Amino acid sequence: MSFGKRAALIVLVLASVFLLLNTPLVWKWMYPIKYEQQIVTAALKYEVDPQLVLAVIRSESGFATDRVSKKGAIGLMQIMPETAQWIVKEAGFLPKDSQYLYDPVMNIEIGTWYLDFLLSRYDGDIVKVIAAYNAGPGKVNGWLASEQWNGTRETIEDIPYGETRQYVQRVLYYHDRYKNIYDFQLR
C-alpha cells in the first residue's frame, strides 16, 4: 500500500472515530442520568433547571446515594446535616426517618429546594448559586461585599477558596454538557 493510500485510510479511520464519538448515544453514555424522574419532578416543582440539578449531583456524588464527604455532607446532592435540618424546618418537609439524606427522593427534593432558595437569593445567577451551594451563602456574600470576587463566570479565578473555584468550574462544565445532551428530554 502506498504512502498516500495509507494516509488516506488513516484520515478516514480518524474521521469515522470522531463522528462516532460525537453521536448522541456516546454522549449519553459518557453523561448518564440516574434518578431522572425524581430530578425532573423536583425541578418542575421548584422551577429549577433540571440540568443544574444533574450537574450538582454529578459533581457532588457521581450519583452515589451513600456518599458521605470528609466534612459530613450526605447523599446524592451532598447536603450537610445542619443545612438539611434547616431546610426541613423551612420547607415543612416530613422525613420518614433519621436516615432521610440517604433516600434519593428526599435528598433530591431537599437539594433542589435549596437550589431554588439560592436562585431566589442571588436573582437567578447560577454562578453565585453554585458558589454558595459549595461554600455557603455567608462566604459568597462576604466575597461579594469585600469585592474579592464580583460573582461573574469570567472572574471565577478570583474566588478565594480553591475548592469552591474548582467546584464552580466543574458544575458549570457539567451543566453545559447536560444542556447540550439532554435539553429537550428533561423539559
Side-chain angles (χ1 to χ4, degrees), residues 27-142 161 163-164 166-179 181-187:
W27 282 108
K28 288 178 183 178
W29 175 76
M30 291 173 59
Y31 296 93
I33 297 177
K34 294 181 183 176
Y35 309 104
E36 180 176 355
Q37 190 56 54
Q38 294 85 351
I39 292 167
V40 170
T41 299
L44 290 171
K45 181 175 181 178
Y46 297 109
E47 297 179 4
V48 173
D49 177 4
Q51 286 87 353
L52 178 58
V53 178
L54 280 167
V56 168
I57 292 172
R58 171 88 182 234
S59 297
E60 290 286 0
S61 68
F63 294 95
T65 58
D66 60 349
R67 176 89 26 103
V68 178
S69 76
K70 293 175 187 173
K71 293 182 180 178
I74 298 172
L76 287 172
M77 296 187 76
Q78 288 293 278
I79 303 166
M80 293 297 290
E82 301 79 26
T83 304
Q85 289 172 357
W86 175 79
I87 293 169
V88 164
K89 183 179 174 189
E90 286 293 308
F93 291 127
L94 301 170
K96 295 177 188 169
D97 58 38
S98 63
Q99 299 296 305
Y100 65 92
L101 286 176
Y102 293 99
D103 173 29
V105 175
M106 195 66 179
N107 193 285
I108 291 167
E109 181 96 6
I110 289 171
T112 305
W113 184 95
Y114 190 52
L115 286 172
D116 178 49
F117 170 82
L118 293 171
L119 284 161
S120 295
R121 185 172 197 159
Y122 294 106
D123 298 320
D125 186 330
I126 70 164
V127 177
K128 291 174 189 165
V129 167
I130 295 166
Y133 193 91
N134 179 262
K139 292 290 184 196
V140 171
N141 292 343
Y161 289 2
E163 176 190 331
T164 301
Q166 292 170 359
Y167 178 79
V168 171
Q169 291 169 335
R170 187 172 52 250
V171 173
L172 288 172
Y173 173 81
Y174 287 140
H175 183 250
D176 291 344
R177 293 279 65 85
Y178 280 117
K179 273 198 136 357
I181 299 166
Y182 293 103
D183 194 36
F184 299 107
Q185 294 172 346
L186 291 177
R187 299 242 176 234

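Just so it is clear, the model here is predicted, and its values are computed rather than measured.
For the pair Leu76/Lys34, no side-chain contact is recorded, criterion being any heavy-atom separation below 4.5 Å from C-beta on. Put simply, the side chain of Ile126 reaches to within 4.5 Å of the side chain of Leu172, judged on heavy atoms. Asn107 places none of its side-chain heavy atoms less than 4.5 Å from the side chain of Ile57. With contacts defined as side-chain heavy-atom distances shorter than 4.5 Å, the pair Leu115/Tyr46 does not qualify. Taking the side chain as every heavy atom from C-beta outward, Tyr31 and Leu54 never approach each other to under 4.5 Å. Between Met30 and Ile181, the closest side-chain pair of non-hydrogen atoms is not below 4.5 Å. Side-chain contact between Ile79 and Tyr133 is present, with at least one heavy-atom pair separated by less than 4.5 Å. Looking at heavy atoms from C-beta onward, Phe93 lies in side-chain contact with Trp113 at the 4.5 angstrom threshold.
Both cation-pi conditions hold for Arg177 and Tyr173: the charged atom is under 6.0 angstrom from the six-membered ring centre and inside a 45 degree cone around its axis.
In this structure a side-chain-to-backbone donor-acceptor pair under 3.5 Å is present from Tyr178 to Pro32.
Rounding to the nearest 0.5 Å gives a distance of 10.5 Å between CG of Leu118 and CD1 of Ile130. Interatomic distance, Thr112 OG1 to Ile39 CD1, rounded to the nearest 0.5 Å: 7.5 Å. In this structure, the separation between CG on Asp49 and NE2 on His175 is 3.5 Å, given to the nearest 0.5 Å. In this structure, the separation between CD on Gln51 and CG on Asp176 is 10.5 Å, given to the nearest 0.5 Å.
For Thr164, the side-chain hydrogen bond (donor to acceptor under 3.5 Å, both in side chains) partners at least two apart in sequence or on another chain are Asn134. Judged as a side-chain hydrogen bond (donor to acceptor under 3.5 Å, both in side chains), and not counting sequence neighbours, the contacts of Tyr167 are Glu60. Taking the side-chain contact (heavy atoms from CB on, under 4.5 Å) definition, one finds that Tyr102 meets it with Val68, Ile74, Gln99, sequence neighbours left out. When the salt bridge (charged side-chain N to carboxylate O under 4.0 Å, His left out) test is applied to Lys71, the partners found at least two apart in sequence or on another chain are Glu163. With sequence neighbours left out, Lys45 forms a salt bridge (charged side-chain N to carboxylate O under 4.0 Å, His left out) with Glu109. Remark: Glu47 engages no residue in a side-chain hydrogen bond (donor to acceptor under 3.5 Å, both in side chains) (not counting sequence neighbours).
Residue pairs meeting the ring pair (Phe, Tyr, Trp, His ring centres under 6.0 Å) criterion with at least one member in residues 50-74, sequence neighbours excluded, do not occur. A side chain to side chain donor-acceptor pair (under 3.5 Å) check over residues 116-132, counting only residues at least two apart or in different chains, returns the pairs Tyr122-Asn141. For residues 73-91, no residue pair satisfies the side chain to side chain donor-acceptor pair (under 3.5 Å) rule, not counting sequence neighbours.
The two residues Tyr114 and Ala132 make their nearest non-hydrogen contact at OH-O, 4.4 Å. For the residue pair Pro81 and Gly72, the shortest heavy atom distance occurs at CD-O, 3.4 Å.
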Using the rule given for side chain to side chain contact (heavy atoms under 4.5 Å, CB included), can you reason through Ile110 versus Tyr100, listing the C-alpha separation, both sets of side-chain angles and the distance that settles it, and then say yes or no? CA-CA 10 Å; Ile110 289 171; Tyr100 65 92; 3.5 Å; yes
